[in-house]
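Below: one structure, written as structure tokens.
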Amino acid sequence: MIWDLHVHLSGVEGATPSERLGRMISIADRLGIDRLCVYLGMAFTQDPSPDIMRQDNDQVLAAIRSFPDRAFGFAHLNPRHVEASLAEIERCVANGPMVGIKLWVARRCSDEAIDPIIRRAAELKAVIYQHTWFNATGNLPGESTPGDLAQLAARHPSTPIICGHTGGDWELGLRAVRHLKTVYSDLAGSEPVSGYTEMAVRELGAERVLYGSDVGGRSFASQLAKVLGADIPERAKKLILGENLKRLMTPILQAKGIKP
Amino acid sequence: MKEHARGCSKDPRAWASLRAPLGGASPDVAPCPGSVTRRDFVAVAAAVTATAVLATLPASAAQTAPAPLIDTNVSLGRWPFRRSPLEETTALVDKLSSHGVTQAWAGSFDAIFHKDLSDVNRRLAQECRLRGRGLLIPFGAVNPGLPGWEEDLRRCHTEHRMRGIRLFPNYHGYGLDTPAFANLLKLAAASNLVVQIACGLEDQRTQSPRLQFPPVDVSPLSQWLGRSTAPRVQLLNAFRALRGKPVLDLAAHGARFEIATLEGVEGVSKLLAQIPADRLCFGSHAPFFYFESAELKLRESVLTATQWEAVRAGNARRLLSSA
């Protein structure tokens, strides 16, 4: 079982979100990937207005509607527009089919302004995904580091939160979040540097590590290799490839009556 | 007649033989996407050793001779900033062999920072000879910014009988527009050496903030490649920074590439739709990268049988045999 935590509607041909997701699924099939978590729209907007946020989420809703047994949707939110983000949570998650939220680079998650969004997502048992990078060439102004995420997680100690990309520079990212038992490491979106998954398993335990690809900017291949090529037990690989994400997602899937 | 996409077969034995690349043997046919279940893949992917995979194959498939796989981008030794289980040559060769690699072009991580490249190259040649089990082909390093670099080149060619050299311009601190580089190309061509240019080794974003090596600016390269005195040039790890028209221009001038940093879904087939078929080789950048990344990229793309063979081995073989 392989569940991909991190998929976008980019890098493939298709005039509509459904066409693009259909194309992505056909490629995922070649690599044995069962489920895809989809977020952001067909165009990427780093600091989306409320209208763009809704447009992004409408595109994801349209895409996953065509593939209900293969894809999950996460709502793209912007903590610079808290009220609009809360409204999107109600529309897409509470009253819609989405099962998670995606927080990107508009505002650093160490900022307490984000807290109402986290609290509402936690009430709904939605999966919370926060992008992070430790970029040696400089982060974007609103781009969180794993250090920011550690502050967020400390404010919400009972809420599972995914550390997106594990900071890219994973040797730093893993150190920043390893003491926080509710924080998960997302393997997606960086180069397939050997040692990554071994360190993640060593420092966090295999139960807190999640496979994701970040296609279409990345390939499924390079990101799957982080797990399939790692020198870790087979049991750990199964957890990382899908079982952990399924476990994380089960409460909201059950609440929505969605069969995992 | 239009060539079929790489092996679209409903024959389960054909699919069984396709499964093997993760473990070692090679397919000659591939499945129709619709005929392969995801469970099929996972079952194989979980069994990462050649033995485990081959044990599941019908005898006729398991006995099929492996098709060649030439990895044009591996390195020996210790990465300066992290330990790797594959930094021992024997461990790396075991890994490559278990995945069906029949030849690997090896540089040395020591070449990045050492100034005594003569000794680095001597040790590389010796390591390939003693522990390469016939699989490793040494590519020595030359730095045209060092005094006496011509002697390093001569020793690579005449003493170590190397078939090619590997350059690290961003680590060694010279541009591809310098006279020394032009002179190096000329001398390498005269010695019939393949020249590999490592466009980078590590994502700049994850490098130490105090030790930054931006990707090599390869834009001056086209002016040299067009000349009759130019050697055969392959760019390693090129696709972090190089995309679009510059890739097409360099390919049109004869530059070769490899797939280690080629990203995006179906990256291999998309690139082959844009550049001449003989320009792309297999390369893993192991052990810095997980070897499986490059291997799985070939599966992610739908390739014709001709493309499959060319990328796996044919293009590299022709590149080296003409050197």
Side-chain angles (χ1 to χ4, degrees), chain A residues 1-2 7-8 10-12 23-24 26-35 70 133-139 167-173 189-199 213-231 234-235 237-238 241-242, chain B residues 22 30-31 33-34 36-48 79 81-86 95 202-212 214 237 240 259-268 270 284-302:
Chain A
M1 180 182 76
I2 304 179
V7 171
H8 302 300
S10 63
V12 288
R23 181 75 191 128
M24 199 65 89
S26 72
I27 301 166
D29 281 347
R30 274 179 230 141
L31 294 160
I33 297 165
D34 300 86
R35 301 290 184 107
R70 297 298 302 278
W133 260 93
F134 273 130
N135 187 337
T137 63
N139 278 36
D169 190 336
W170 43 270
E171 287 168 300
L172 302 183
S190 55
E191 295 193 330
V193 175
S194 61
Y196 184 172
T197 311
E198 289 89 337
M199 180 178 174
S213 63
D214 205 3
V215 293
R218 292 284 175 183
S219 60
F220 289 114
S222 64
Q223 307 303 303
L224 275 174
K226 292 174 180 172
V227 188
L228 298 179
D231 185 16
E234 290 303 315
R235 177 66 190 139
K237 291 183 181 181
K238 288 181 178 174
L241 286 171
Chain B
L22 265 180
V36 182
T37 67
R38 293 185 299 282
R39 217 162 300 284
D40 281 338
F41 176 84
V42 176
V44 175
V48 292
W79 176 247
F81 306 101
R82 183 184 303 115
R83 301 300 298 268
S84 161
L86 300 182
K95 176 76 172 182
E202 183 183 19
D203 185 337
Q204 192 182 356
R205 296 174 297 174
T206 61
Q207 295 170 4
S208 164
R210 305 295 298 273
L211 216 51
Q212 285 279 298
N237 308 324
R240 283 194 191 96
I259 66 173
T261 53
L262 182 59
E263 282 291 356
V265 286
E266 297 184 308
V268 176
K270 283 178 181 169
S284 71
H285 195 17
F288 186 86
F289 281 176
Y290 290 112
F291 174 85
E292 287 80 356
S293 172
E295 185 176 49
L296 289 167
K297 284 175 186 174
L298 295 185
R299 176 153 325 157
E300 185 167 313
S301 285
V302 175

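In what follows, every chain begins at residue 1, and chains take the letters A, B, ... in the order their sequences are listed.
- A donor-acceptor distance shorter than 3.5 angstrom exists from the side chain of R218(A) to the backbone of G189(A), with no hydrogens or angles considered.
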- From CA spacing to verdict: side chain to side chain contact (heavy atoms under 4.5 Å, CB included), L31(A), I2(A): CA-CA 9 Å; L31(A) 294 160; I2(A) 304 179; over 6 Å; no
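- Judged purely by atom type and a 3.5 angstrom limit, R30(A) uses its side chain to pair as donor or acceptor with the backbone of E300(B).
- For the options V193(A), V215(A), N135(A), V12(A), heavy-atom pairs under 4.5 Å to chain B are most numerous at V193(A).
- Proximity to chain A is limited to the side chain of R240(B), based on heavy atoms less than 4.5 angstrom apart.
- Of all the listed residues (A221(A), S10(A), S194(A)), the one sharing the greatest number of non-hydrogen pairs under 4.5 Å with chain B is S194(A).
- Note: G264(B) leads P214(B), G264(B), S84(B), P209(B) in heavy-atom pairs under 4.5 Å with chain A.
- Only the backbone of F134(A) comes within contact range of chain B, judged by heavy atoms closer than 4.5 Å.
- Side chains of K226(A) and S190(A): a donor-acceptor N/O pair is present below 3.5 angstrom, by distance only.
- Both the backbone and the side chain of T197(A) come within contact range of chain B, judged by heavy atoms closer than 4.5 Å.
- In terms of heavy-atom pairs under 4.5 angstrom with chain B, the leader among S222(A), A230(A), A136(A), S219(A) is S219(A).
- For E198(A), the parts lying under 4.5 angstrom from a heavy atom of chain B are both the backbone and the side chain.
- Remark: R299(B) does not engage E266(B) in a salt bridge, criterion side-chain N to carboxylate O under 4.0 Å.
- Remark: E171(A) pairs with R82(B) by the side-chain hydrogen bond (donor to acceptor under 3.5 Å, both in side chains) rule, at least two apart or across chains.
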